[in-house]
Amino acid sequence: MTQPTSDATAAPKSMDDIVALCRRRGFVFQSSEIYGGINGFWDYGPLGTELKRNLKNAWWTDMVHRELMGPFGAPVDIVGVDSTIIMNPKVWEASGHVSGFNDPMVDCRETKARYRADHLFVQRFELDGTTAGFATVGAGVDEARKAIDADRARRKVPHGYGGLANAIAKVRFGVTEAALDDLVPFDTLDATARAAVLAPEAKEVGTLTEPRMFNLMFETFVGALRSDDAKAYLRPETAQGIFANFENVVNSTRVRVPFGIAQIGKAFRNEVTPRNFTFRSREFEQMEIEFFVHPSQAPEWYAFWRDTRFAWWQSLGLAGGNLQLREHDADELAHYAKEGAGTSDIEYRFPFTAPGFGELEGVAHRSDYDLRQHAEHSGKRDKMKYFDQERNERYFPHVIEPSGGADRGTLALLCEAYTPDESRASKVYMAFHPRLAPVKAGVFPLVNKDGMPEIGERLYRQLRKRFVCEYDPKQSIGKRYARMDEAGTPYCFTIDGQSVEDQSVTVRHRDTQAQERIGVDHVERFLTERIGGA
RNA sequence: GCGGGUGUAGCUCAGUGGUAGAGCGUCACGUUGCCAACGUGAAUGUCGGGCGUUCAAAUCGCCUCACCCGCUCCA
């Protein structure tokens, strides 16, 4: 009655199924679940914690500890810092986050659209003795003006407007003339004035809410007194902890430009809409390098980091068509990267973004924006410049920033590993790269008697000195293999009757379910060859 | 914040006013001896929460909480 499934990869990956497995096997739980959860916050269970830790360790090992050859033939030099989540609030004024992350927003009750208040301009005019107007979207006055001129050139009112809205629309679409005032930003209007405004696309008047602040930075208070002076922020990125320590690192170590400072740590953003499992969380972990270079070398270093970081994600198993490198268009560059060598995203095709992609890591040329800002705001000015002995030159180094998301990376690993397979008992297995697998090996006595558990326990004790392993003597062997498949354990070693005779065990391979027989003395070497020290 | 939806065992769900249920999973014992096997048994519920209607509420009403989906954004 069931169709034989020949191609396991043919089954589509369902995000709901992945989330269910994550909960069932203890990869990811909702934070505070016993109280119904809290939107945008996630916990890692035992397996997820190991997985994420393996990812972060791989990053730190490969970026900071191991030798990496740079674009100019010399090894890359990177040191680490671990800065605090709460910093002096001036840091965030200098970085631009206080202004950039505090945009008042306006909602339209009718169309359900949401606008940035500073991108909403109102054209006002006299209408039957009162002041009315209509709102237009634009990044600035000029852009809004253009949009209005385009509308007025249509000389025709679309259907659906009635009463006052129709009278306003007649002016908007150039059917009736009126004495037009200058454009005013929406957020300068009071409640009465707002009530006489026709929103974009809306057919009724006065549907726009008052501008409301959406604070993307979490606020807190330092000290027991809740005064405005005590206000502080939970960092929205780890990068500023690096920039603020730039001088300290230069003065306390022997690093010389070009060099990098790496940091892994939590960051917080009060996202308006956390969505898609852990993808957009309000509390998340970043893996960031700020790499400081002479301005003239920025293009080479930018290309180097973009390619190095892309290759790194590929090396962890995110190969194939699900990973892509995408250069940003000029209009989507961040405030700190307007000029420079560019910005690119390393993107993964998540089940919830497919056929599109979601960002895993951004590699940006931040120019000398941040160091200059801090030099300015801290009052250190030119004293913060770096003195380059070789060049005999004082300058603000330019920064290439590879900034990856540890939680997004973990999520991508989970999605990539998730492999439906109707042919096996678990119907699914997690094909993690052995280096990242939360559990490296399972050790099972086929039956919990007749000398098998003794051999198994001895092997388990030996292996766990170097590898994360599980020993499980209970239940049918099929159940134990099935559980290991869902945990993504690459190898299982089973002790059977023959083991008692000749000290050999079977190795069961996760991806193929194939078995082979090796001597129990060779198991440790077997794992070392396939997993290494990681 | 606005609109829509959901909430019963670890999971999937049944239960529309009258004793809180099933399958799967979990655990124990036995059997089995290489892929969630079989037998026997066991544990597990503030029916999201509160108030109300009623002799009686998982079920009807009101309120509330949390989550999910859409709108703004991004590591």
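Numbers restart at 1 for each chain; the letters A, B, ... are given by sequence-line order, proteins then strands. All figures in this text were calculated on a predicted structure; none of them were measured in a lab.
- Applying the salt bridge (charged side-chain N to carboxylate O under 4.0 Å, His left out) test to Arg349(A) and every residue at least two apart in sequence or in another chain returns nothing.
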Strictly under 3.5 Å: I want the nitrogen or oxygen pairs between protein and nucleotides 8-12 of chain B, one per line.
| from | atom 1 | to | atom 2 | distance (Å) |
| --- | --- | --- | --- | --- |
| C11(B) | OP1 | Arg23(A) | NH2 | 3.1 |

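- Evaluation of atom-type donor-acceptor distances gives no pair under 3.5 Å for the side chain of Arg309(A) against the base of A75(B).
- Out of C34(B), A36(B), C73(B), the shortest distance to the side chain of Ile477(A) is found at C34(B).
- Phe279(A) comes within contact range of at least one nucleobase, with a heavy-atom separation under 4.0 Å.
- Within the nucleic acid shown, Ser476(A) comes within 4.0 Å of at least one base atom, counting heavy atoms only.
- Distance check: Arg366(A) CZ to Gln373(A) CD gives 10.5 Å after rounding to the nearest 0.5 Å.
- Applying the 4.0 Å criterion to OP1 and OP2 of G25(B), one finds that Lys479(A) has every side-chain N and O outside that range.
- Aromatic ring orientation, Phe291(A) versus Trp301(A): tilted (interplanar angle from 30° to 60°).
- Residues passing the salt bridge (charged side-chain N to carboxylate O under 4.0 Å, His left out) test with Arg530(A), sequence neighbours excluded: none.
- Residue pairs satisfying the salt bridge (Lys or Arg N to Asp or Glu O under 4.0 Å) criterion with at least one member in residues 43-54 of chain A, sequence neighbours excluded, are listed as follows: Lys52(A)-Glu285(A), Lys52(A)-Asp407(A).
- Contacts of Arg508(A) classified as salt bridge (charged side-chain N to carboxylate O under 4.0 Å, His left out), with partners at least two apart in sequence or in another chain: Asp485(A).
- No hydrogens or angles were tested; on distance alone, nothing pairs the side chain of Asn39(A) with the base of C67(B) as donor and acceptor under 3.5 Å.
- For residues 447-457 of chain A, the salt bridge (Lys or Arg N to Asp or Glu O under 4.0 Å) pairs, not counting sequence neighbours, are Glu457(A)-Arg461(A).
- Straight-line distance between the C1' atoms of C69(B) and G61(B): roughly 27 Å, to the nearest whole Å.
- Residue contacts shown for Ser281(A) include a base, since a base heavy atom lies under 4.0 Å away.
- Applying the ring-ring contact (aromatic ring centres under 6.0 Å, His included) criterion to Trp313(A), with sequence neighbours excluded, gives no partner residue.
- Legend: residues meeting side-chain hydrogen bond (donor to acceptor under 3.5 Å, both in side chains) with Glu288(A), ordered by chain and number and at least two apart, are Thr238(A), Ser403(A).
- Nucleic acid contact class of Lys266(A) (heavy atoms, under 4.0 Å, all strands): none.
- When distances run from any side-chain atom of Arg280(A) to the nucleotides A75(B), C69(B), A36(B), the shortest one goes to A75(B).
- Residue Thr494(A) places its side chain closer to C34(B) than to any other of A36(B), C34(B), A75(B).
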Please list each protein N or O that sits under 3.5 Å from an N or O in nucleotides 28-30 of chain B, with the distance.
| from | atom 1 | to | atom 2 | distance (Å) |
| --- | --- | --- | --- | --- |
| A28(B) | OP1 | Lys474(A) | NZ | 2.9 |

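- Of all nucleotides listed (A36(B), C68(B), C34(B)), A36(B) comes nearest to the side chain of Ala425(A).
- Against RNA chain B, the stretch residues 44-55 of chain A makes no heavy-atom approach under 4.0 Å.
- Using a 4.0 Å heavy-atom criterion, one finds that Arg282(A) contacts no nucleic acid atom at all.
- Within residues 500-516 of chain A, the residues having any heavy atom under 4.0 Å from RNA chain B are, by residue number, Thr506(A), Arg508(A), Gln513(A), Gln515(A).
- With sequence neighbours excluded, no residue forms a salt bridge (charged side-chain N to carboxylate O under 4.0 Å, His left out) with Arg510(A).
- Within the nucleic acid shown, Glu486(A) comes within 4.0 Å of at least one base atom, counting heavy atoms only.
- Picking from C34(B), A36(B), A75(B) the nucleotide with the shortest atom distance to the side chain of Ala482(A) gives A36(B).
- For Arg483(A), a side-chain nitrogen or oxygen approaches OP1 or OP2 of U26(B) to under 4.0 Å.
- The side chain of Ser403(A) has A75(B) as its nearest neighbour among A36(B), A75(B), C34(B).
- The distance from atom CD of Glu486(A) to atom OG of Ser426(A), rounded to the nearest 0.5 Å, is 5.5 Å.
- Stacking is found between Phe284(A) and the pyrimidine-like six-membered ring of the A75(B) base under the 5.5 Å centre-distance and 30° plane-angle cut-offs.
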